[in-house]
Protein chains: 2
Amino acid sequence: MSITTPQGFLAAGITAGIKPSGNPDMALVVNEGPHFVAAGVFTRNRVTAAPVKLSKQALADGQLRAIVYNSGNANACNGAQGDADAQATVEAVAQQLGVQVTDVAACSTGLIGEPMPMDLVLDGARKLCENLGDFGSAAAEAIMTTDTVKKEVLVQREGWQLGGMGKGVGMMAPSLATMLVCLTTDAQVDAHTAQDALQKACDLTFNTLDIDGSTSTNDTVILLANGASGVAPNAEEFEQAVLEACADLADQLQGDAEGVTKRVNITVQGTSTNDQALNAARTLGRDNLFKCAMFGSDPNWGRVLAAVGMADADMDPDNISVFFNGEAVCEKTTGTPDARNVDLSGADIDVLVDLGTGGPGTAMVRTTDLSHAYVEINSAYSS
Amino acid sequence: MSITTPQGFLAAGITAGIKPSGNPDMALVVNEGPHFVAAGVFTRNRVTAAPVKLSKQALADGQLRAIVYNSGNANACNGAQGDADAQATVEAVAQQLGVQVTDVAACSTGLIGEPMPMDLVLDGARKLCENLGDFGSAAAEAIMTTDTVKKEVLVQREGWQLGGMGKGVGMMAPSLATMLVCLTTDAQVDAHTAQDALQKACDLTFNTLDIDGSTSTNDTVILLANGASGVAPNAEEFEQAVLEACADLADQLQGDAEGVTKRVNITVQGTSTNDQALNAARTLGRDNLFKCAMFGSDPNWGRVLAAVGMADADMDPDNISVFFNGEAVCEKTTGTPDARNVDLSGADIDVLVDLGTGGPGTAMVRTTDLSHAYVEINSAYSS
């Protein structure tokens, strides 16, 4: 199961030498057609990496032939040289594949502000083109940075398939490392349906990931659809498959977040709108005191109240309820008798907060604890 | 130098037994007059502790005779019982001091959602009243929670003085433990001048502290002024003294923040308004990736750009500059040649970010690094 499982896709993953570790650091995904439909969702950060700017332009016509990836260098904040380097990389790939340069996208992840080692990158691009095959898993490995495992998914439907790979964690608001995702499908869909399905799925999955509130300059999700199966699912069927693949990858990203020891899913309800509920869930999910308590398996619901009390959401401050793993720990803004005895020692913690207004707004955010390992990973070396 | 150095103030600090550690945990500050002017600034959290609600009411007429403090229990999220307990505490103090109950304020700090041990608290209130004297430093010690040192200040002027004590860190947006501050002065000022000076000073000092983005349910700053010196400074002189005391305490709080190894002062300029600059400075000050880099003395300016790129502030994404300790590490959104060699090994780091629009907006935020000790303190036990 990989991005080369659907018909008509080739991939490669190789070691170009960008990473000092010697681990694989370049990948290529090629759509062999017959169609070349593509959709994309990008970071909202206003400081965007060179490959993001390039890929947005390449995707403007809803068509892509290939995507070239590198890890170990984000090619962000490198000025005009960074733009030229991203352009040179896709030109090298396009020339060797015999496709239009405007049909090749690029994604980079790694350290910000380091010049791209273009001799290695161009040599890597050549090797990638020479080693294309059913190597989706090699590609998934080559895009890893601080990931400890590669992330892949396959959704199978009657007559067509959708594969995916991802790295890092976070999207939009979130991200503690760049999040890159590539989805491939041999279903027959038009560009509009593809973009619509991808945007909806991102909103419900990657955009609910909020590990540390940081957002990368490089986040990119691209879907390639070639119609090679000859099957044309309706929009609803297609949306469902894309959502399923994205949800699976989001779970994998959450589980492999830097330093994570707990997966914490936060649901907020009882406020006026879904946006307000999302705001409150994000406020809680970003609260370091709360995240440290989760790391310590401490059912410290007082920190939940202190956090949501600052959220931009309608609430009844005297009627807030909190549940940990389904057990009420706070009712009417007051602790329950057994609140301190709730067992949070497992790897998964569900938090439900009802803001007490009776309103219909609800939202969910996936986050993690804040652990020693997070601090270690993010202070011991540049990334 | 303590809150009892200005004329006409008495204080006490004792061990009531609220803290399991046996450390001092109750304090009392009494204004002996002749005037009883008081001003206060409270948490913006909508989930407010019982003593905050009570103290706001007590301060409504701009007069206070006394403030009773306890550490070890926040008396927050304790429902109607919490309100009754706060009321019973000030009643006990008022009765023993022979003052109106509405002239006594209360401040609590500690664990949220634990019932107040009222037998200990009422016994402690009695002891406090029996042990009043020139014991400002004992009071400063009794309000400590995770503080490692007590915080005191004295501002001396021609003929009058202003003393202060504080604990915890953070205010408004910030706070990783409740921040409580008490200021006393024998200057002669009216309630309006006092409130105005206190609000301005808080905005420029405690409100620029942003350690972890969390805001306590209990934050309270109260100023007591009795005119005992017979000296009536003008509003400007008085404001300046209050600002000086608050700035000194804010520095002490920043330096003793949980787990801090670095004091990081962030200045943002080059955007349209001061509010936008403050927003960008806060966004950076709360970014865990940036804070971990500071812990590691890593001049990783890319994380600065990734953080401010998400701020709600006008910027020119291609013209952002970053300076660490006065050295340019990023110009026109691109790294300088020696950016990675800047020495951040000292305990103080100054970060200056210019968002490149040429606009007049500027603001400063004081934060800290994110260390192993922060995670340890906030995960190993409930606080």
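Residue numbering restarts at 1 for every chain, and letters A, B, ... go by the order of the sequence lines. Owing to the predicted nature of the structure, the values given are computational and were not obtained by experimental measurement.
Per-residue heavy-atom pair counts under 4.5 Å with chain A were compared for B:G309, B:G302, B:C330, and the maximum is reached by B:G309. Listed options B:A306, B:P317, B:G335 were ranked by heavy-atom pairs under 4.5 angstrom with chain A; first place goes to B:A306. The greatest number of non-hydrogen atom pairs below 4.5 Å with chain A, out of B:I320, B:D318, B:L305, is found for B:L305. Each of A:A74, A:G82, A:G113 has some count of heavy-atom pairs under 4.5 Å with chain B, and the biggest count is that of A:G113.
In this structure, B:R46 contributes its side chain and A:A311 its backbone to a donor-acceptor pair below 3.5 Å.
Considering only residues two or more places apart in sequence or on other chains, B:D343 meets the side chain to side chain donor-acceptor pair (under 3.5 Å) condition with B:S345.
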| task | Kindly indicate, with the supporting measurements, whether the criterion side-chain contact (heavy atoms from CB on, under 4.5 Å) is fulfilled by A:N78 and B:T333. | result | CA-CA 7 Å; A:N78 284 335; B:T333 316; over 6 Å; no

| request: Start with the C-alpha gap between A:R340 and B:E114, add the side-chain angles, then the distance that decides, and say whether side-chain contact (heavy atoms from CB on, under 4.5 Å) holds. | output: CA-CA 10 Å; A:R340 304 272 174 212; B:E114 284 293 296; 3.0 Å; yes

| task | Could you check B:T334 against A:C77 for side-chain contact (heavy atoms from CB on, under 4.5 Å), going step by step and ending with a plain yes or no? | result | CA-CA 5 Å; B:T334 306; A:C77 304; 5.7 Å; no

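A 6.0 Å sphere centred on NZ of B:K56 holds more than 12 heavy atoms belonging to other residues, nucleotides or ligands. Residue B:D312 places its CG atom among 12 or fewer non-hydrogen atoms of other residues, nucleotides or ligands, all under 6.0 Å distant.
Neither the backbone nor the side chain of B:A49 comes within contact range of chain A; no heavy atoms are under 4.5 Å apart. For A:A80, no part sits under 4.5 Å from any heavy atom of chain B, backbone or side chain.
Atom OG1 of A:T43 sits about 6.5 Å away from atom CE of B:M310, to the nearest 0.5 Å.
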